[in-house]
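Let me begin by presenting the structure, written as structure tokens, before commenting on it.
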Amino acid sequence: MAAPNNPHDDVLEWVQKDNRRFLRANIRVGDLDRTIKFYTEFFGMKVLSRQDFPEQQYSTAVVAYGPEETHFVLGLTHHHDAADKLDIGTAFNHFGLATQDVYGTVEKIRAAGGVITREPGPIAEGGRTIFAFVNDPDGYSFELILRPPTPEPLCQICLNVTDIDRSIEFYQKALGMNLLLPKYDASQFQYTIAMVGYGSDFTQTTIIELKYNYNVTEYTKGNGYAMLAIGTDDVYKSGAAVELVNKELGGEIIRPPAVNPKTNTKITCFLDSDGFESVLVDNQDYVGLLGKSKDE
């Protein structure tokens with residue numbers, strides 16, 4: 001007689017077949033106008049929306065390389081209270097942008113007085129990938145990666161982790177991601193990286209780069225990088241899968257699956273094994289929310 005199916009196995013198997021994509025990342029900024037100017041002038045992003053909430057003392061904007069229905073976007077939040085200081089922390093590492101002109105972008109930023117933290121070039125002599133690092137006005141780091149035209153130029157979120165094997169396993173099991181770039185140990189620079197995401201080609205989609213820095217066991221989260229939102233066809237099954245993996249690898253559900261009354265969308269929120277927050281959003285509800293926003 002065949003052994004009965006374990007319902008835990010069923011939900012974890014379902015995650016691998018779910019229809020998912022990265023929807024947005026939210027960050028806090030010190031000056032909304034200044035950040036929008038930098039991202040649009042130097043990175044070529046477009047402003048998709050902007051709102052002010054004077055009673056709540058904050059303003060928001062959404063920037064990206066295409067519409068929210070099809071592209072990964074950045075949500076920007078500015079707190080009006082000057083005493084509420086921005087702290088990026090050390091856990092968030094950088095965003096990655098694919099561009100056809102790394103050298104030209106760097107020179108434009110330099111000419112405007114921007115901060116270049118790594119000059120354009122390969123990682124080592126003879127390397128094929130050309131990249132550079134720059135800081136935005138708040139100190140968020142951006143990697144500029146030389147690539148041909150790609151469907152998603154906002155292509156990377158890099159997070160510092162304390163156990164890269166545990167983090168890879170978490171994102172594969174809990175969120176159904178693929179290991180798009182196996183662990184690469186750059187011992188000469190004292191770090192190890194791996195890339196996870198959806199699809200099969202890390203140059204054609206947005207990915208999470210997990211980075212383990214040798215001998216670093218603790219990071220500060222700060223209040224800058226807020227969360228990553230991912231679409232799912234079933235928030236309740238997704239939440240059940242995350243809860244199972246939380247018990248095994250760490251993290252916790254911080255908002256059980258339910259309808260968010262403010263947006264009328266089904267969501268669940270959780271912390272991963274390193275304490276980074278993610279939100280799973282019902283795909284159909286998300287499309288409906290975007291349509292409603294355009295009608296208002």
Side-chain angles (χ1 to χ4, degrees), residues 6 8-9 11-16 18 20 22 25-27 72 87-96 123 131 133 140-143 145 155-200 202 205-230 232 238-256 268-280:
N6 186 330
H8 293 177
D9 294 337
V11 75
L12 292 177
E13 183 178 342
W14 175 85
V15 166
Q16 306 301 319
D18 190 18
R20 299 194 174 193
F22 293 156
N26 283 1
I27 62 172
F72 183 58
D87 175 16
I88 295 176
T90 60
F92 174 78
N93 194 291
H94 68 265
F95 290 108
I123 190 169
F131 65 98
F133 277 91
Y140 287 104
S141 179
F142 282 79
E143 180 181 9
I145 309 166
C155 62
Q156 190 179 104
I157 307 165
C158 183
L159 306 175
N160 290 324
V161 301
T162 56
D163 184 333
I164 196 166
D165 292 311
R166 181 186 65 184
S167 296
I168 291 170
E169 186 176 4
F170 184 94
Y171 282 97
Q172 288 180 311
K173 279 187 173 181
L175 296 173
M177 295 187 190
N178 302 316
L179 184 59
L180 301 179
L181 180 70
K183 282 195 305 180
Y184 171 72
D185 187 30
S187 57
Q188 68 274 39
F189 301 110
Q190 299 285 288
Y191 68 77
T192 302
I193 62 169
M195 295 182 182
V196 295
Y198 300 110
S200 58
F202 71 86
T205 185
T206 303
I207 59 92
I208 297 176
E209 179 179 313
L210 303 169
K211 185 175 185 180
Y212 167 69
N213 295 291
Y214 287 13
N215 302 318
V216 180
T217 60
E218 189 175 358
Y219 295 97
T220 60
K221 288 295 187 295
N223 59 20
Y225 174 79
M227 65 84 179
L228 170 68
I230 300 170
T232 174
S238 294
V242 170
E243 187 172 15
L244 285 174
V245 181
N246 280 155
K247 291 177 181 178
E248 177 188 358
L249 298 174
E252 63 177 314
I253 298 286
I254 56 177
R255 184 167 187 163
T268 185
C269 306
F270 65 92
L271 303 180
D272 72 3
S273 52
D274 280 282
F276 290 106
E277 182 176 342
S278 292
V279 181
L280 289 158

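Starting from 1, each residue takes its place in the sequence as its number. Values reported hereafter were calculated over all heavy atoms of this structure, with side chains retained and with hydrogens, waters and symmetry mates removed.
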Listed partners of [X] passing side chain to side chain contact (heavy atoms under 4.5 Å, CB included), at least two apart:
{"X": "Ala241", "answer": "Val11, Leu12, Val15"}
{"X": "Thr206", "answer": "Phe22, Phe72, Glu152"}
{"X": "Asp272", "answer": "Phe170, Tyr171, Asp274, Phe276"}
{"X": "Asp163", "answer": "Asp165, Arg166"}

Please list all pairs meeting side-chain hydrogen bond (donor to acceptor under 3.5 Å, both in side chains) that have one or both residues in residues 241-254, counting only residues at least two apart or in different chains.
Lys173-Glu248
In short, side-chain hydrogen bond (donor to acceptor under 3.5 Å, both in side chains) pairs touching residues 219-229 with sequence neighbours left out are Thr90-Thr220, Asn213-Tyr219
In terms of heavy-atom contacts, does CD of Glu218 have more than 12 from other residues, nucleotides or ligands at under 6.0 Å?
no
List in chain and number order the residues that pass side-chain hydrogen bond (donor to acceptor under 3.5 Å, both in side chains) with Glu143, two or more places apart in sequence or in another chain; answer none if no residue qualifies.
His94
Report the residues that fulfil ring pair (Phe, Tyr, Trp, His ring centres under 6.0 Å) with Phe202, sequence neighbours left out, ordered by chain and then residue number.
none
Among residues at least two apart in sequence or on other chains, which ones pass ring pair (Phe, Tyr, Trp, His ring centres under 6.0 Å) with Phe142?
Tyr39, Phe43, Phe95
How far does CG of Leu210 sit from SG of Cys158, to the nearest 0.5 angstrom?
8.0 Å
What distance do Ile168 atom CD1 and Leu179 atom CG have between them, rounded to the nearest 0.5 Å?
5.5 Å
Evaluation steps, side chain to side chain contact (heavy atoms under 4.5 Å, CB included), between Val245 and Leu175
CA-CA 10 Å; Val245 181; Leu175 296 173; over 6 Å; no
Ignoring hydrogens, what is the shortest heavy-atom contact between [X] and [Y]? Give both atom names and the distance.
{"X": "Met177", "Y": "Ile208", "result": "CE-CD1, 3.9 Å"}
{"X": "Ile157", "Y": "Phe92", "result": "CG2-CE1, 4.0 Å"}
{"X": "Val242", "Y": "Ala174", "result": "CG2-O, 3.9 Å"}
{"X": "Phe133", "Y": "Ser141", "result": "CD2-OG, 3.4 Å"}
{"X": "Ala194", "Y": "Ile164", "result": "N-CD1, 3.8 Å"}
{"X": "Thr162", "Y": "Val216", "result": "CG2-O, 4.2 Å"}

Assess the residue pair Leu180 and Tyr198 against the criterion (side chain to side chain contact (heavy atoms under 4.5 Å, CB included)); give the C-alpha distance rounded to whole Å, side-chain angles, the decisive distance to 0.1 Å, and a yes or no.
CA-CA 8 Å; Leu180 301 179; Tyr198 300 110; over 6 Å; no
Counting distance only, does the side-chain N/O of Gln16 pair as donor-acceptor with the main-chain N or O of Gln172 below 3.5 Å?
yes
Quick one: does any side-chain atom of Arg20 pair with a main-chain N or O of Ile230 as donor and acceptor, under 3.5 Å?
no
Residues which pass salt bridge (charged side-chain N to carboxylate O under 4.0 Å, His left out) with Asp185, listed by chain and number, not counting sequence neighbours:
none
Full working for side chain to side chain contact (heavy atoms under 4.5 Å, CB included) between Glu209 and Asn93
CA-CA 9 Å; Glu209 179 179 313; Asn93 194 291; over 6 Å; no
